[in-house]
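To find a chain, count down the sequence lines: A is the first, B the second, and so on, and within it residues start at 1. All values below were derived from every heavy atom in this structure, side-chain atoms included, with hydrogens, water molecules and symmetry-related copies excluded. Model, not experiment: these values are computed from the prediction.
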Amino acid sequence: MRSYKDQAIIIRSHKLGESDRIITMLTSEHGLKRGVAKGVRKTTSKFGGRLEPFVHASILFHRGRNLDIITQAEVINPHQALREDFRKYLYGEALLEITMKSLQQDQQIPRLFEALSISLECLEQEVKSYELFLSAYELKVCGLIGYRPHLDQCIRCGKSELTKGAFLHLEGGGVICGHCQPSSSGGIAIDEQILRLTRLLLLSSMEEVASLETPPARARDILLLSFAYSEFYLEKPIQSHKVILGQLPPSIRKTPE
Amino acid sequence: MYYTPPIERLIAELARLPGIGPKSAQRLAFHIIKVPLQEAEDLAQAIVEARRKVQFCRRCFNLSEMELCEYCSDSRRDSSLVCVVEEAKDIVAIERTGEFRGLYHVLGGAISPIDGVGPEQLRVNELVSRIKEDKVEEVILATNPSVEGEATALYIANLIRSMGVKATRLASGLPVGGDLEYADEVTLGRALQGRREI
Ligand SMILES: [Zn+2]
Ligand SMILES: [Zn+2]
């Protein structure tokens with residue numbers, strides 16, 4: 001078959017030649033894809049804003065020799081609210097970047113499309129703590145690619161008593177207790193409340209996460225912990241992390257370790 | 001590749017330009033070595049001269065041969081009105097309409113977190129200090145009608161509204177000559193929101 005149809009969420013695009021764009025998107029059936037949209041930069045283009053970031057569209061592809069060609073696009077959900085609120089845009093971009101960097105080209109991971117789609121929809125609604133919302137998404141995506149953080153007991157001795165202070169052990173993929181990890185050896189310290197809330201993020205749906213609240217400084221600490229964890233397992237720097245840290249309210253802004 | 005070193009070097013230099021891949025670089029390099037020597041020298045000279053003589057206007061960051069660009073040094077223009085654009089080339093498009101008599105401010109791009117571009121990477125602080133110093137009354141946000149351009153306009157509008165300065169946005173929307181029935185939903189939605197009383 002020369003043509004096929006799939007749903008996609010647009011992640012980003014790059015200029016190609018005079019008037020074309022290469023569109024990077026997460027598709028429902030074909031994983032992370034790049035496709036060419038011809039003439040999309042002309043104001044008379046039939047695509048218009050349909051291939052801009054955040055748009056959830058039904059797309060008709062034509063198989064090309066190199067990249068597939070996008071021949072039609074119909075909007076399913078434009079996620080308009082993410083364009084009308086700067087903070088929603090900022091955190092929405094982070095959701096897109098994390099998703100993109102969790103996959104190789106043409107790689108398909110079950111439930112990732114659904115996770116992104118639902119999360120973008122939740123982000124359009126009221127979100128109590130954007131920091132918790134993004135943290136939850138990042139840790140859940142790490143889980144989907146096989147690196148769900150182990151937070152229930154110490155990854156070394158297996159004890160579930162973590163009240164005496166614990167650390168996030170990146171290589172070990174979870175928390176390590178104060179006895180197994182001498183505090184001098186670094187690692188990100190996690191107190192009991194952070195641990196409890198982070199566990200809750202993993203167990204809750206994104207809709208439930210959107211209604212969770214916590215003091216700003218703790219939300220920031222969980223955000224830093226999630227950033228460290230996701231960058232370690234995605235093995236790539238996440239550009240939007242820097243921008244988000246620069247936009248935190250001044251009272252809780254601090255440079256990550 | 002097995003080209004003679006001068007061609008190798010030319011290809012490598014061309015391939016560093018934005019939007020030029022190795023194949024295009026090779027094509028351009030072979031074109032250049034076939035043209036008359038004078039033509040190649042003119043090209044080389046134009047590159048060096050532009051790079052040497054052109055600087056950023058210290059007030060608006062437009063490209064200029066002087067410390068102040070032609071608009072900033074024109075006393076007939078209204079300095080209380082500032083039009084914010086992403087790139088210097090956008091100024092040319094606005095000047096072409098002949099409708100605008102204020103000054104400009106070139107941001108140097110749009111906020112795009114996925115590319116690591118936040119407000120700190122753009123000339124936003126420079127805009128804020130300019131608004132304070134030059135008694136600016138209205139800022140027209142003429143960033144692109146893309147997701148990134150819209151977000152940048154939102155960010156700056158929030159910032160300067162708190163300074164008591166009026167922020168306006170170009171009424172973006174349907175391309176002139178376009179048929180309503182062929183307009184896509186996103187553009188049409190935006191046009192409806194940007195509607196003004198007539
Ligand atoms: Zn232990
Ligand atoms: Zn100037």
Colleague: Select all residues of residues 114-124 of chain B having any heavy atom within less than 4.5 Å of some heavy atom of chain A, and report them by number, or 'none'.
Modeller: B:Ile114, B:Asp115, B:Gly116, B:Val117, B:Gly118, B:Pro119, B:Glu120

Colleague: Which residues satisfy the salt bridge (Lys or Arg N to Asp or Glu O under 4.0 Å) test with A:Asp68, sequence neighbours excluded?
Modeller: A:Lys33

Colleague: Would you give the length of the straight line joining atom OH of A:Tyr89 to atom CD1 of B:Ile111, rounded to the nearest 0.5 angstrom?
Modeller: 7.0 Å

Colleague: Could you give all pairs that pass the side-chain hydrogen bond (donor to acceptor under 3.5 Å, both in side chains) test and reach residues 123-135 of chain A, with sequence neighbours left out?
Modeller: A:His79-A:Glu124, A:Lys88-A:Tyr130, A:Ser129-A:Glu131, A:Ser135-A:Ser226

Colleague: How about CZ on B:Phe100, more than 12 heavy atoms from neighbouring residues, nucleotides or ligands closer than 6.0 Å, or not?
Modeller: yes

Colleague: Above 12 or not: heavy atoms from other molecules or residues under 6.0 Å from NZ of B:Lys166?
Modeller: no

Colleague: Please classify the contact between B:Ser24 and chain A as side chain, backbone, both or neither, with a heavy-atom cut-off of under 4.5 Å.
Modeller: neither

Colleague: Can you tell me if B:Glu67 has over 12 outside heavy atoms packed within less than 6.0 Å of its CD?
Modeller: no

Colleague: At a heavy-atom separation under 4.5 Å, does B:Ile20 approach chain A through its side chain, its backbone, both, or neither?
Modeller: neither

Colleague: Is the closest side-chain heavy-atom distance between B:Glu148 and A:Pro53 below 4.5 Å?
Modeller: yes

Colleague: Can you confirm whether more than 12 heavy atoms, excluding those of B:Met66, are under 6.0 Å from its CE atom?
Modeller: no

Colleague: Around B:Gln45, counting heavy atoms of other residues, nucleotides and ligands shown, do more than 12 lie under 6.0 Å from its CD?
Modeller: no

Colleague: Between B:Thr152, B:Leu154, B:Asn158, which has the largest tally of heavy atom pairs under 4.5 Å with chain A?
Modeller: B:Leu154

Colleague: Which residues pass the salt bridge (Lys or Arg N to Asp or Glu O under 4.0 Å) test with B:Arg59, not counting sequence neighbours?
Modeller: B:Asp134

